[in-house]
Number of protein chains: 2
Amino acid sequence: MTTSAPGASPSVRFTQIVEQARLLYEEQGPEGLTMRSLAARLGIRAPSLYNHVRGKDELEVLLIVEALRGMGESLHAALTSVPARSPRRTALTALAAAYRSWALAHPHLYRLATGGELAREQLPEGLEAWTAAPLVGVAGGEHRARAAWAFAHGMTILELDGRFPPSADLDAAWAEGVAALT
Amino acid sequence: MTTSAPGASPSVRFTQIVEQARLLYEEQGPEGLTMRSLAARLGIRAPSLYNHVRGKDELEVLLIVEALRGMGESLHAALTSVPARSPRRTALTALAAAYRSWALAHPHLYRLATGGELAREQLPEGLEAWTAAPLVGVAGGEHRARAAWAFAHGMTILELDGRFPPSADLDAAWAEGVAALT
DNA sequence: GTCTATAGTGGGATAGAC
DNA sequence: GTCTATCCCACTATAGAC
């Protein structure tokens with residue numbers, strides 16, 4: 001997190017670092033992201049990364065931020081695509097589909113952002129709430145919202161971890177849960 | 001996994017190793033269990049462990065087995081405690097309470113047994129199904145059972161990870177989900 | 001800003017003597 | 001079976017020259 005002198009042209013930019021870190025993480029998961037591997041991908045040496053980033057911890061927080069933004073955009077878009085005054089079930093179904101498909105498209109980032117403890121104090125103010133807003137707005141009460149979130153997260157993480165039998169009809173299980181929680 | 005010669009008296013026994021590994025893991029989590037730390041706890045040196053266990057991987061599988069057994073016992077007991085022919089909701093409520101409290105009592109083992117991919121081929125035949133049996137029997141159909149499992153796992157893991165606000169009334173969220181999924 | 005060189009840490013696992 | 005002595009690996013991070 002160093003600022004460059006005016007006119008300087010660093011061989012790598014901060015945004016490039018975050019971008020490549022995200023790609024590396026999406027492709028290979030937590031094991032795949034090391035200071036060495038990231039540097040190699042950027043065409044520099046590992047120690048040079050420390051001129052731009054405080055350390056690996058900062059990098060991980062940045063990735064969580066990216067993930068929450070991505071998920072949030074997907075959920076907000078899903079809600080927008082539903083006609084106003086649609087029945088609650090319509091909105092919930094759309095949110096569930098968006099939630100699941102974002103996670104399946106970015107499994108490692110999904111795990112990073114939703115598993116383990118969250119370093120809330122290092123996140124941009126309001127980001128977490130903004131990501132959750134679509135579901136909270138639709139679910140019908142805070143208890144219902146938490147139950148629905150738990151259901152969605154449970155379905156998602158169990159699917160990502162290969163916990164359901166290959167033969168399981170997960171569309172049906174999702175539909176069942178959404179219907180019950182409507 | 002070596003067999004002792006008749007009459008031999010090893011200074012540590014296989015069951016002791018698993019027992020201490022479990023305690024270490026329960027107390028300190030994944031980071032806390034190393035071949036060195038486990039050996040130290042048993043009063044031997046790390047290399048000696050390899051006379052009893054193939055390696056750390058085998059140890060982890062053994063811990064997963066312990067965890068599935070423990071969870072299963074808790075769930076089967078909860079179901080037994082419910083009077084026969086009780087309404088479905090009574091049984092589901094009892095199962096949910098047992099599920100949650102086992103997990104809260106053994107957070108690290110719960111994570112180990114329910115997170116990440118499961119090395120099914122290394123587990124005792126039928127163990128996984130036996131652990132799941134109480135819920136599967138009560139839920140009312142396979143899709144409903146999967147939805148209920150996802151809900152319970154989601155609630156549990158989000159609580160363990162501190163994802164709910166401290167002010168959240170989780171009993172209410174559990175009750176809401178159980179009611180919806182009944 | 002980037003480099004080379006290196007410190008420091010921690011881990012799993014093996015060889016061979018007793 | 002247990003020990004000591006090592007090897008090997010991988011990683012984060014820093015120091016100092018260019």
Side-chain angles (χ1 to χ4, degrees), chain A residues 1-25 27-64 108 111-112 116-117 119 122, chain B residues 1-25 27-64 108 111-112 116-117 119 122:
Chain A
M1 197 88 103
T2 316
T3 37
S4 305
S9 71
S11 70
V12 287
R13 298 170 193 289
F14 183 77
T15 57
Q16 266 187 319
I17 293 178
V18 180
E19 163 87 353
Q20 292 303 317
R22 201 195 78 227
L23 291 174
L24 199 47
Y25 200 94
E27 287 163 15
Q28 305 186 21
E31 320 281 282
L33 177 64
T34 69
M35 298 304 270
R36 297 188 213 277
S37 68
L38 176 57
R41 188 157 176 145
L42 289 161
I44 61 177
R45 307 287 167 174
S48 305
L49 281 173
Y50 292 84
N51 291 323
H52 305 272
V53 189
R54 224 191 326 277
K56 203 190 178 185
D57 288 354
E58 183 184 350
L59 227 32
E60 280 169 355
V61 172
L62 291 166
L63 292 184
I64 291 176
H108 292 120
R111 271 189 248 261
L112 177 66
E117 324 233 325
Q122 299 180 59
Chain B
M1 198 95 97
T2 316
T3 38
S4 305
S9 72
S11 70
V12 286
R13 296 169 195 291
F14 183 77
T15 56
Q16 266 188 319
I17 293 178
V18 180
E19 163 87 354
Q20 293 303 317
R22 202 196 77 228
L23 291 174
L24 199 47
Y25 200 94
E27 288 164 15
Q28 306 186 22
E31 320 280 281
L33 177 64
T34 69
M35 297 305 272
R36 298 190 213 278
S37 68
L38 176 57
R41 188 156 176 146
L42 290 160
I44 61 178
R45 306 288 167 172
S48 305
L49 281 173
Y50 292 85
N51 291 323
H52 304 271
V53 188
R54 224 191 326 279
K56 201 188 178 186
D57 288 354
E58 184 184 350
L59 228 31
E60 281 168 355
V61 171
L62 292 167
L63 292 184
I64 292 176
H108 292 120
R111 271 190 249 263
L112 177 66
E117 325 232 325
Q122 299 180 57

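The chains referred to below are lettered A, B, ... by the order of the sequence lines, with proteins before strands, and numbering in each begins at 1. Please read all numbers here as calculations on a predicted model, not as lab measurements.
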| field | Side-chain N or O of B:S48 closer than 4.0 Å to phosphate OP1/OP2 of D:dG1 | value | no
| message | Test: salt bridge (Lys or Arg N to Asp or Glu O under 4.0 Å). Region: residues 15-25 of chain A. Which pairs qualify, not counting sequence neighbours? | response | A:E19-A:R22, A:R22-A:E26
| query | Does the side-chain contact (heavy atoms from CB on, under 4.5 Å) test come out yes or no for B:L62 and B:F14, once each step is laid out? | reply | CA-CA 11 Å; B:L62 292 167; B:F14 183 77; 3.7 Å; yes
| field | Atom pair distance, as rounded to whole Å: CD1 in B:I17 and P in D:dG1 | value | 10 Å
| query | Which is it for A:V18 and A:V53 under the side-chain contact (heavy atoms from CB on, under 4.5 Å) test, yes or no, and what are the steps along the way? | reply | CA-CA 10 Å; A:V18 180; A:V53 189; over 6 Å; no
| field | Heavy-atom donor-acceptor pair, B:Q20 side chain to B:Q16 backbone, under 3.5 Å | value | no
| task | Quickly work out the A:Q28 CD to D:dC11 C1' distance and round it to whole Å. | result | 16 Å
| field | Length of the line joining B:L42:CG and D:dG1:C1', which is rounded to integer Å | value | 14 Å
| query | Nearest-Å distance, CD (A:E31) to C1' (C:dG11)? | reply | 13 Å
| note | In 5'-to-3' order, the base (B), backbone-only (S) or no-contact (-) status of each nucleotide in nucleotides 12-18 of chain C, using a 4.0 angstrom heavy-atom cut-off, is BBB----
| task | Could you list the residues that satisfy salt bridge (Lys or Arg N to Asp or Glu O under 4.0 Å) with B:R36, not counting sequence neighbours? | result | none
| field | Atom-pair distance (CD on A:E60; C1' on D:dT12), nearest Å | value | 12 Å
| request: Using atom CD1 of A:I44 as one end and atom P of C:dC3 as the other, report the distance to the nearest whole Å. | output: 6 Å
| field | N or O in side chain of A:S11 less than 4.0 angstrom from C:dG1 OP1/OP2 | value | no
| C:dG10 P sits how many Å from B:L38 CG, rounded? | 18 Å
| field | Trace of the side-chain contact (heavy atoms from CB on, under 4.5 Å) decision for A:L59 with A:L63 | value | CA-CA 6 Å; A:L59 227 32; A:L63 292 184; 5.7 Å; no
